[in-house]
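A, B, ... follow the sequence lines: proteins, then strands. Residue 1 opens every chain.
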Amino acid sequence: MTKTALLALGCPEFPVQTSTAIYLAYKLQKHGITPVFAGNKSALLLVKVADPERHYYDGKMMNLDITIGALSTGKIDFDFCFVFVHSDSGIAYLASIHALSKGKMVAIVFGKCAEELTEQCKNICEHVLAEPVIHNPMPLKEQIDGVSTWLHV
Amino acid sequence: MAPCVEELDYEILLSRTTFAECSKLIQKRCREIYFVAPGYKIFNIYLIGIPPLPIGIEGDHILIAYIKPCHGAFTLRIPGGGEIERIRKELKK
């Protein structure tokens, strides 16, 4: 059965999130893993509009709150959960998804408060990819390239 | 359809802050408190936060922390209706 990965998006106020999420979805697909995007309407539309022919993502899109509901009732689960974190709200979603999913958790931390948030993420999940970036996706891209070393472990 | 807090007649006690601050306020104001895991359903909303998540009962109202991805955490005071008795039954101390 095909493995699935949740990509839980935060508020799309920082440009680096959408670009990084689309790149991660592309990399996951290369590893035979189906990405499922979850976020609010704007976060999902940014992905959808940037990739109209679905070259980089071929998975589903779900409202973030509906995803939490489906996880809590056991209707869905994922093999991997990547949670984008750049604020306290992101930490709340990370902790909640960690509590509800049996999947391998990865926090992707960015933005102005990346350092402080990284410490909190480390208390919640094992894998944390963190860079204090807002506009430049390259440092996070490099970290995502390294994910393939433990993705199938 | 996504669960929507806007359908509720809520009062905002604290806004655009952290989950920890909301949790602190609930525990400070309410003498009757129940702690639940993330994903607990109340008023058709699945609660989000760093566990354990407090649900406070203040008279005939319920206090919860509500998280919005773009606006932070809010402490909401909501008329309890039938939810108070349900919570008491489900989460007896």
Side-chain angles (χ1 to χ4, degrees), chain A residues 7-14 17 21 37-46 61-77 81 83-102 105 107 111 113 116-117 119-121 123-125, chain B residues 1-8 10 12-27 33-56 62-76 78 83 86-87 90-91:
Chain A
L7 278 65
L9 304 173
C11 176
E13 66 178 305
F14 293 146
Q17 176 174 270
F37 286 89
N40 66 16
K41 195 179 173 186
S42 300
L44 295 180
L45 280 173
L46 278 161
M61 288 199 167
M62 293 178 73
N63 171 280
L64 190 53
D65 292 325
I66 287 178
T67 306
I68 296 292
L71 279 169
S72 68
T73 52
K75 284 182 187 160
I76 53 167
D77 202 355
C81 297
V83 183
F84 287 76
V85 177
H86 67 77
S87 65
D88 184 74
S89 294
I91 296 286
Y93 276 97
L94 177 71
S96 298
I97 293 169
H98 180 256
L100 295 169
S101 173
K102 291 186 176 76
M105 294 291 302
C113 309
E116 181 191 336
L117 293 169
E119 288 311 306
Q120 293 179 58
C121 289
N123 292 330
I124 299 168
C125 69
Chain B
M1 185 95 172
C4 187
V5 77
E6 295 307 326
E7 291 163 9
L8 301 170
Y10 61 82
I12 297 174
L13 300 180
L14 207 55
S15 66
R16 295 172 183 266
T17 182
T18 62
F19 172 78
E21 287 301 319
C22 290
S23 178
K24 209 183 287 175
L25 179 68
I26 293 168
Q27 293 179 63
I33 298 167
Y34 299 92
F35 290 96
V36 296
Y40 184 81
K41 194 177 182 185
I42 182 168
F43 299 118
N44 214 27
I45 299 166
Y46 294 96
L47 295 182
I48 299 289
I50 301 160
L53 318 185
I55 295 175
I62 289 176
L63 272 65
I64 57 168
Y66 181 73
I67 313 291
K68 294 187 82 166
C70 294
H71 304 288
F74 297 71
T75 303
L76 303 182
I78 305 164
E83 288 290 72
R86 181 182 69 83
I87 287 167
E90 270 184 30
L91 306 170

Subject >> Nearest-0.5 Å distance that lies between atom CG in A:L94 and atom CD1 in B:I48 >> reply: 11.0 Å
**OP:** Determine the sole option in A:L9, A:D65, A:L64 for which the side-chain contact (heavy atoms from CB on, under 4.5 Å) test with B:P69 is passed.
**Re:** A:L64
Original post:
Out of A:S72, A:P12, A:G39, which one racks up the most heavy-atom pairs below 4.5 Å with chain B?
Top reply: A:S72
Original post:
Of all of B:T17, B:L47, B:I50, which one pairs up most often with chain A through heavy atoms under 4.5 Å apart?
Top reply: B:I50
Original post:
If we only count heavy atoms from C-beta on, is the B:P51 to A:S96 side-chain gap below 4.5 Å?
Top reply: no
Original post:
For B:K41, is it the side chain, the backbone, both or neither that has a heavy atom under 4.5 Å from a heavy atom of chain A?
Top reply: neither
**OP:** Please confirm whether the backbone N or O of B:I67 pairs with a side-chain atom of A:S89, one donor and one acceptor, at under 3.5 Å?
**Re:** no
**OP:** Against chain B, label A:S42 side chain, backbone, both or neither, depending on which of its atoms sit under 4.5 Å from a heavy atom there.
**Re:** neither
**OP:** Please confirm whether the backbone N or O of B:G72 pairs with a side-chain atom of A:D88, one donor and one acceptor, at under 3.5 Å?
**Re:** no
